[in-house]
Every structure is written in C-alpha cells, then in structure tokens.
Amino acid sequence: MADWNDSVIAEFRANHGRVGGNFEGAPLLLLHTTGARTGAERVSPMMYLRDGDRYLVFASYAGRDENPAWFHNLVVHPDAAIEVGDDTITVRATVLDRAERDEKYAEQARLYPGFAEYERKTERVIPVVALTPVA
C-alpha cells in the first residue's frame, strides 16, 4: 500500500493535483497528518468533497471494519495540512456529528457510488471529517 500511495503522491505533485487510474477526474488532495503514536509526518492521498470553505474527507478505508490510521492521527492531532492542486493549506480537523455526517456521506455516495459500496461492506459508521482552513 505504501508503494501505491507513494506513486499517487508523486503523480499528484508532478501534475498539479491531477492523477489517472482510480482517481482520474476525481477531486483529490494529499492529507498531511502527525502520527498518533509516532509523531512522524504521514501523507495520504484521498478524495474529498468541497463544502463551502471546508474539505470533507471520508474514513472509508475501502469498507474495512476499522478506521484508517489517518483518521486516528487527526483525532489525536487535529491540526494538519492539505495539498490541493499546487497549494498547501493549513487546516483544523473536526469529525462531523451523525446527522451532518449522514447527509454529507450520502452526497459523496451519490457522486461516487464506490462510497456506497464501502458503506455496505462494513458494520461501522464511516466517519466524515471536515478540514477547515485556518488563518
């Protein structure tokens, strides 16, 4: 998985935020988090949904029964950064409450049906995280 992420990150940076393959044409960002246990910087490519000035990301983990590491990192260290296109933006992460989560997840699943499949594959409620730019 690390090799795949590294190749997506390299392609993203070389092409001003655009990549091919599974992500072709999809809104993609690079999320920079601080490891919850290690304190090391981590970079994760992921799709997002723009919501006003916020960037919403989905801890789907392709429908696995546990949350991805980046989600745990944001819960412990909510101050993060994202790369969108050629821009790097400092953000603060907030996990959406259930009602807003359900609304935003349904919107993402409507736009990208793979997210509906992820939800069907797991018993957990997939968290949605708002990344809000900070001054």
Exercise. Over 60° means perpendicular and under 30° means parallel, so classify the ring planes of F58 and Y105, tilted if in between.
Key: perpendicular

Over all atoms of both residues, closest heavy-atom pair of [X] and [Y]:
{"X": "V95", "Y": "F71", "value": "CG2-CE1, 3.7 Å"}
{"X": "P45", "Y": "L28", "value": "C-CD1, 4.3 Å"}
{"X": "E123", "Y": "D65", "value": "N-OD1, 3.7 Å"}
{"X": "A116", "Y": "A109", "value": "N-CB, 3.7 Å"}
{"X": "V84", "Y": "L29", "value": "CG2-CB, 4.0 Å"}

Side-chain contact, heavy-atom cut-off 4.5 Å: [X] with [Y]?
{"X": "R98", "Y": "V125", "result": "yes"}
{"X": "R124", "Y": "N67", "result": "yes"}
{"X": "Y112", "Y": "P27", "result": "yes"}
{"X": "W70", "Y": "R42", "result": "no"}
{"X": "P78", "Y": "T94", "result": "no"}
{"X": "Y55", "Y": "P133", "result": "yes"}
{"X": "L131", "Y": "L56", "result": "no"}

Exercise. List the steps, then state whether side-chain contact (heavy atoms from CB on, under 4.5 Å) holds for H72 with R37.
Key: CA-CA 10 Å; H72 298 291; R37 290 185 312 241; over 6 Å; no

Exercise. Show your reasoning for whether side-chain contact (heavy atoms from CB on, under 4.5 Å) applies to I82 and D87.
Key: CA-CA 8 Å; I82 56 174; D87 298 324; over 6 Å; no

Mark yes or no for whether [X], through its side chain, and [Y], through its backbone, hold a donor-acceptor pair below 3.5 Å.
{"X": "T90", "Y": "A81", "value": "no"}
{"X": "R101", "Y": "I126", "value": "yes"}
{"X": "K121", "Y": "A62", "value": "yes"}
{"X": "T122", "Y": "E119", "value": "no"}

Quick test of your reading of the model: are [X] and [Y] salt-bridged, counting only N-O distances below 4.0 Å?
{"X": "D51", "Y": "K104", "value": "yes"}
{"X": "E103", "Y": "R110", "value": "no"}
{"X": "E11", "Y": "R18", "value": "no"}

Quiz item: What's the spacing between R54 CZ and T132 OG1 if we round to 0.5 Å?
Solution: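 One finds 6.0 Å between CZ of R54 and OG1 of T132.
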
Self-check item: Interatomic spacing from CG in D86 to CG in N15 - rounded to 0.5 Å
Solution: 10.0 Å

Can [Y] be reached from [X] by stepping across I, L, V, M, F, W or Y side chains whose heavy atoms are under 4.5 Å apart?
{"X": "L111", "Y": "F115", "value": "yes"}
{"X": "L30", "Y": "W4", "value": "yes"}
{"X": "V19", "Y": "Y48", "value": "no"}
{"X": "M46", "Y": "F12", "value": "no"}
{"X": "F23", "Y": "I9", "value": "yes"}

Quiz item: Should the heavy atoms of other residues, nucleotides or ligands under 6.0 Å from CG of D79 be counted, would the total exceed 12?
Solution: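 Yes, because the 6.0 Å sphere around CG of D79 holds more than 12 heavy atoms from other groups.
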
Practice problem: Test L31 against every option in V129, V43, L74 by the side chain to side chain contact (heavy atoms under 4.5 Å, CB included) rule and name the one that passes. | Solution: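 Going through V129, V43, L74 one by one, the side chain to side chain contact (heavy atoms under 4.5 Å, CB included) with L31 is satisfied by L74 alone.
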
